[in-house]
Number of protein chains: 2
Amino acid sequence: MIKVTEVTKTYWMGEVEVNALRGVSFEVHDGEMVAIMGPSGSGKSTLMNILGVLDQPSTGSYQIDDEEVATMGETQMAEIRNRKIGFVFQSFNLLPRLTALANVELPMLYSGMFGRAERHERATAALESVGLGDRLDHKPKELSGGQQQRVAIARSLVNDPSIILADEPTGALDSHSTEEVLGIFQRLNYEQGITVVFVTHEQEVADHCRRIIRVRDGLVESDKYLPDQ
Amino acid sequence: MIKVTEVTKTYWMGEVEVNALRGVSFEVHDGEMVAIMGPSGSGKSTLMNILGVLDQPSTGSYQIDDEEVATMGETQMAEIRNRKIGFVFQSFNLLPRLTALANVELPMLYSGMFGRAERHERATAALESVGLGDRLDHKPKELSGGQQQRVAIARSLVNDPSIILADEPTGALDSHSTEEVLGIFQRLNYEQGITVVFVTHEQEVADHCRRIIRVRDGLVESDKYLPDQ
Ligand SMILES: Nc1ncnc2c1ncn2[C@@H]1O[C@H](COP(=O)(O)OP(=O)(O)OP(=O)(O)O)[C@@H](O)[C@H]1O
Ligand SMILES: Nc1ncnc2c1ncn2[C@@H]1O[C@H](COP(=O)(O)OP(=O)(O)OP(=O)(O)O)[C@@H](O)[C@H]1O
Ligand SMILES: [Mg+2]
Ligand SMILES: [Mg+2]
């Protein structure tokens with residue numbers, strides 16, 4: 001379970017203070033699929049970086065399965081990330097000198113959960129599941145924008161995470177690839193009970209979830225459950 | 001005027017050949033506003049890089065105002081880019097160590113068309129026109145995804161180009177920012193007769209144009225004029 005209580009995040013630009021999050025509170029229960037929406041610059045990525053244990057709040061509390069992240073050290077944070085979380089960055093964050101296959105194998109190298117042959121097999125299967133079976137040896141610069149995004153999605157799946165956090169996972173995709181990716185998230189959520197939280201600015205994408213949290217100026221503006229689909 | 005005739009583009013991955021464009025032909029007349037759509041990996045960015053004189057075709061001809069680009073040297077290509085074209089990259093391509101203001105000033109430094117004070121003034125005005133008047137001193141890492149995209153759009157406007165080429169210019173933007181950016185392009189097109197060509201995978205965005213060219217597997221699939229709006 002994810003539990004966020006009065007989380008703030010302040011960036012300093014010399015003397016100037018930027019309050020990206022100004023007191024955000026909500027819970028996400030195991031097995032939920034939730035969309036986060038909000039205007040450009042409203043704090044969505046800042047919030048996702050905290051949920052993904054990539055950054056810590058300035059003040060407030062963030063608990064993941066009853067463990068408090070705000071007071072953890074770097075080693076413990078890395079352990080939680082490797083064991084529990086699959087993350088898709090808004091800017092993809094692929095390593096430019098590695099192939100698609102090597103990029104997708106990387107999280108399994110960090111977690112040490114699989115041997116060499118199994119890493120290769122799982123990474124190949126994940127890339128095939130996002131329609132990139134014929135691009136395994138391409139480096140990021142040899143892939144289109146949408147293909148790079150799909151590599152980033154495949155990478156988030158390989159460690160069998162219990163939570164998938166994705167920041168605009170379909171932003172660079174056409175409507176067909178979008179449906180394919182959402183189908184993967186829905187299947188993981190429905191069949192394996194994996195918690196999925198993703199940011200989107202497209203209403204038709206958010207409508208695949210049963211709950212939509214809207215943020216504006218660093219605060220939760222609304223938190224609505226959609227009627228059953 | 002832009003005139004593309006039987007343009008192909010082939011990438012080599014060791015022994016393997018990737019035919020990103022397989023023979024594309026069309027014309028865009030001065031003052032048109034055209035959308036390019038197509039599935040992920042269909043060749044849109046490859047085509048835009050050629051239109052933007054950033055890359056040359058493998059075979060075929062590309063003429064811009066009756067000058068053949070396919071046989072130009074690098075210096076002549078840079079001159080055409082600086083004088084005629086404003087380009088918005090799908091991956092933004094902002095320089096990480098420069099502020100938003102300095103990134104937007106950069107094209108004017110290359111073209112040498114304006115003095116220091118005027119560069120500062122034009123860059124500030126362009127950033128204000130995309131809603132970033134309060135983020136001038138932020139570096140790319142201190143901006144949200146949508147804010148970075150808007151910096152890239154502001155940068156494409158400052159040299160008073162006669163052609164604006166934008167690769168998914170609203171991909172990272174919420175619906176409000178999307179309308180603002182499209183409004184800027186429409187105003188430049190309608191009031192100043194600037195030719196605008198942009199890639200999008202969102203139908204509502206493409207509907208702001210009177211013409212939609214669809215590509216698939218490196219070929220033009222359709223080229224339709226929309227009835228008057
Ligand atoms: N440098 C390269 N080397 C090898 N293949 C490449 C290279 N650049 C692009 N490709 C391939 O060429 C094809 C066209 O890529 P392009 O970037 O033009 O697609 P796109 O239509 O812009 O897709 P998207 O909507 O995902 O951005 C893709 O299949 C891609 O894998
Ligand atoms: N390192 C930083 N230093 C200063 N300000 C920052 C930094 N990172 C983000 N910001 C500011 O914090 C605010 C929130 O940014 P965030 O990236 O969370 O927005 P977002 O909701 O994800 O927007 P988008 O939809 O454009 O991706 C923005 O106004 C941004 O300028
Ligand atoms: Mg963001
Ligand atoms: Mg592209």
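Predicted model, so just to flag it, every value in this text is computed and none were measured. We name chains A, B, ... by the order of the sequence lines, and we start the count at 1 in each one.
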Legend entry - Contact listing (chain B partner; residues 42-54 of chain A; heavy atom under 4.5 Å): none

Inset, instruction - Answer whether the closest heavy-atom distance between the side chains of B:Arg119 and B:Leu109 falls below 4.5 Å. - result: yes

Inset, instruction - Before giving the answer on side chain to side chain contact (heavy atoms under 4.5 Å, CB included), spell out for B:Thr10 and B:Asn19 the whole-Å C-alpha distance, their side-chain angles and the decisive distance to 0.1 Å. - result: CA-CA 5 Å; B:Thr10 302; B:Asn19 295 310; 3.1 Å; yes

Inset, instruction - Any chance you could measure A:Gln148, atom CD, to A:Leu94, atom CG, to the nearest 0.5 Å? - result: 6.0 Å

Legend entry - Contacts of type ring-ring contact (aromatic ring centres under 6.0 Å, His included), residue B:Phe92, not counting sequence neighbours: none

Inset, instruction - Check whether B:Val16 gets within reach of chain A through its side chain, its backbone, both or neither, counting any heavy atom under 4.5 Å. - result: neither

Inset, instruction - Measure the shortest side-chain to side-chain distance between B:Leu98 and B:Glu105 over non-hydrogen atoms and say whether it is less than 4.5 angstrom. - result: no

Inset, instruction - Drop me the distance from A:Gln149's CD to A:Gln90's CD, to the nearest 0.5 angstrom. - result: 9.5 Å

Inset, instruction - Counting only heavy atoms closer than 4.5 Å, note whether B:Ser144 contacts chain A via side chain, backbone, both or neither. - result: side chain

Inset, instruction - Name, in order of residue number, those residues of residues 164-178 of chain A that have a heavy atom at a distance of less than 4.5 Å from a heavy atom in chain B; otherwise write 'none'. - result: A:Glu168, A:Thr170, A:Gly171, A:Ala172, A:Leu173, A:Asp174, A:Ser177

Legend entry - Atom pair CD (A:Gln203) and NE2 (A:His201), whose distance is rounded to the nearest 0.5 Å: 11.5 Å

Legend entry - Between B:Thr59 and B:Thr8, a side-chain donor and acceptor under 3.5 Å: yes

Inset, instruction - Just give me the residue among B:His138, B:Glu142, B:Met37 that pairs up with chain A most often, heavy atom to heavy atom, under 4.5 Å. - result: B:His138

Legend entry - chain A contact via B:Gln147 - side chain, backbone, both or neither, heavy atoms under 4.5 Å: both

Legend entry - Salt-bridge contact A:Arg81-A:Glu74 (side-chain N to carboxylate O under 4.0 Å): yes

Inset, instruction - Evaluate whether atom OH of B:Tyr225 has more than 12 neighbouring non-hydrogen atoms of other residues, nucleotides or ligands under 6.0 angstrom away. - result: yes

Inset, instruction - Show your reasoning for whether side chain to side chain contact (heavy atoms under 4.5 Å, CB included) applies to B:Ile80 and B:Met72. - result: CA-CA 10 Å; B:Ile80 296 258; B:Met72 276 182 196; 3.7 Å; yes

Inset, instruction - Only counting residues at least two apart or in another chain, list the ones meeting ring-ring contact (aromatic ring centres under 6.0 Å, His included) with B:Tyr62. - result: none

Legend entry - Which portion of B:Glu202 sits near chain A, non-hydrogen atoms under 4.5 angstrom: side chain

